[in-house]
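Here's the structure we're looking at; comments come further down.
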Amino acid sequence: MPASLFANNCPERHVRSGISKALSVAFLAVAVFPAYAQESQEMKPAALVEALQGGGHVIFMRHGSTETDYADQIKAEMGNCASQRVLSEAGWTEVKAIGAAFKRLEIPVGEVISSEYCRAWKSADLAFGSYTMNADLNFEPAEEYTDEQIAAMRDRMVPHLSKTPQEGNTVLVGHDDPFEAATSIYPEPMGVVFVLRPEGDGGFKVLGSIAPDVWNSIP
């Protein structure tokens with residue numbers, strides 16, 4: 001199993017401590033990730049792009065860089081961007097460049113789904129031009145998650161990660177904690193793209209990732 005959930009010093013991750021954390025990780029190892037699998041050898045960016053060009057994959061993109069980095073999910077009001085972290089100018093540039101790379105590389109995009117947070121749907125709009133918001137991609141409203149809250153985020157995310165697209169590739173634009181709850185992988189940096197092969201019935205494989213500063217180097 002990859003690195004333990006939420007266990008580093010990033011302000012947006014919510015660290016639990018002591019015996020409670022150890023027991024939580026032990027529980028998650030046996031109960032939370034039964035359908036998740038990661039390729040033993042992560043595919044390189046060029047190979048990931050080639051796979052995406054054929055369609056049929058799920059793309060998870062973490063929103064672009066924000067002005068500040070803090071856990072805003074307790075006080076954030078959906079529909080009120082002033083209550084949330086928002087994209088920085090660098091974040092706007094990142095996600096617009098990702099969208100341009102998708103067009104240049106002829107990666108077919110089908111459904112685009114974002115969380116209800118402003119930084120997510122704005123990233124989706126800047127990169128792909130259209131999106132549908134879905135609360136399934138939202139955080140739980142807590143700074144220190146319980147096992148039940150982690151499981152709730154996982155249960156909402158997994159159906160999206162494991163569903164085969166009807167056309168092109170499905171794009172999910174969301175956040176670190178819900179993705180980590182579903183995969184045990186912390187998605188960094190902001191703007192990173194993960195490519196997954198959906199297998200239905202809650203199953204999927206993570207094929208690899210592409211950092212936001214790599215797209216322009218992919219032929």
| query | Less than 4.5 Å apart, any side-chain heavy atom of P141 and any of I74? | reply | no
| Contacts of type side-chain hydrogen bond (donor to acceptor under 3.5 Å, both in side chains), residue S162, not counting sequence neighbours | none
| field | CA sep, side-chain torsions, deciding dist, call: W121, V112, side chain to side chain contact (heavy atoms under 4.5 Å, CB included) | value | CA-CA 10 Å; W121 60 254; V112 178; over 6 Å; no
| request: Specify the closest pair of heavy atoms between M43 and A47, including all atoms of both residues, with the distance to one decimal. | output: CE-O, 3.6 Å
| field | Contact check, side chains of S88 and T66, non-hydrogen atoms, under 4.5 Å | value | no
| query | Looking at CG of L172 and NE2 of H160, how far apart are the two atoms once the value is rounded to the nearest 0.5 Å? | reply | 7.0 Å
| Distance-only polar pair, side chains of E94 and S65, donor-acceptor under 3.5 Å | yes
| task | Only counting residues at least two apart or in another chain, list the ones meeting side-chain hydrogen bond (donor to acceptor under 3.5 Å, both in side chains) with E116. | result | N138
| For the hydrophobic clusters of this structure (ILVMFWY residues joined by side-chain heavy atoms under 4.5 Å, transitively), does one cluster hold both V86 and L137? | no
| query | What pairs with S115 under side-chain hydrogen bond (donor to acceptor under 3.5 Å, both in side chains), at least two apart in sequence or on another chain? | reply | H175
| remark: E188 and R62 have their tightest heavy-atom pair at CA-NH1, 4.1 Å
| field | Interatomic spacing from CE in M190 to CZ in R119 - rounded to 0.5 Å | value | 8.5 Å
| note | For A182 and V158 the tightest heavy-atom approach is CB-CG2, 4.1 Å
| task | Without swapping roles, check the side chain of N80 against the backbone of A82 for a donor-acceptor pair under 3.5 Å. | result | yes
| request: For the pair F60 and F179, name the ring-plane relationship: parallel under 30°, tilted 30 to 60°, perpendicular over 60°. | output: parallel
| task | Work out which heavy atom in Y186 is nearest to a heavy atom in E180; give both atom names and the distance. | result | CD1-OE1, 3.5 Å
| So, the side chain of N169 versus the backbone of V109: is there a donor-acceptor pair under 3.5 Å, distance only? | no
| task | Look up atom CG in L161 and atom CZ in F204, then write down how far apart they are to the nearest 0.5 Å. | result | 5.0 Å
| request: I would like to know whether I210 and V49 meet side chain to side chain contact (heavy atoms under 4.5 Å, CB included); could you show each step before the answer? | output: CA-CA 9 Å; I210 303 174; V49 167; 4.2 Å; yes
| What do the steps show when you test M133 against M78 for side chain to side chain contact (heavy atoms under 4.5 Å, CB included), and what is the final call? | CA-CA 11 Å; M133 286 190 287; M78 299 302 101; over 6 Å; no
| message | One pair to check against side chain to side chain contact (heavy atoms under 4.5 Å, CB included): F128 and V95. What are the steps and the verdict? | response | CA-CA 9 Å; F128 305 109; V95 295; over 6 Å; no
| task | Look at E199 together with K163 and state whether they make a salt bridge at an N to O cut-off of under 4.0 Å. | result | no
| query | What residue among T93, I98, L87 forms side chain to side chain contact (heavy atoms under 4.5 Å, CB included) with L126? | reply | L87
| Min side-chain heavy-atom separation H63-Y117 under 4.5 Å | no
| message | If you compare all heavy atoms of G79 against all heavy atoms of Q84, which two are closest, and at what distance to 0.1 Å? | response | N-NE2, 4.1 Å
| When rounded to the nearest 0.5 angstrom, what distance separates CG in N216 from CZ in R104? | 6.0 Å
| query | Under 4.5 Å between any side-chain heavy atoms of M61 and F194, yes or no? | reply | no
| field | Salt bridge R154-D177, side-chain N to carboxylate O under 4.0 Å | value | no
| Side-chain donor or acceptor of E111 paired with backbone N/O of V171 under 3.5 Å | no
| task | Measure the OG-NZ distance between S114 and K122 for me, rounded to the nearest 0.5 Å. | result | 11.5 Å
| field | Any side-chain heavy-atom pair of V195 and L52 under 4.5 Å | value | yes
| note | dist K75:NZ -> S83:OG (nearest 0.5 Å) comes out at 11.0 Å
| At their closest point, which heavy atom of L105 faces which heavy atom of Q53, and how far apart are they? | O-NE2, 2.7 Å
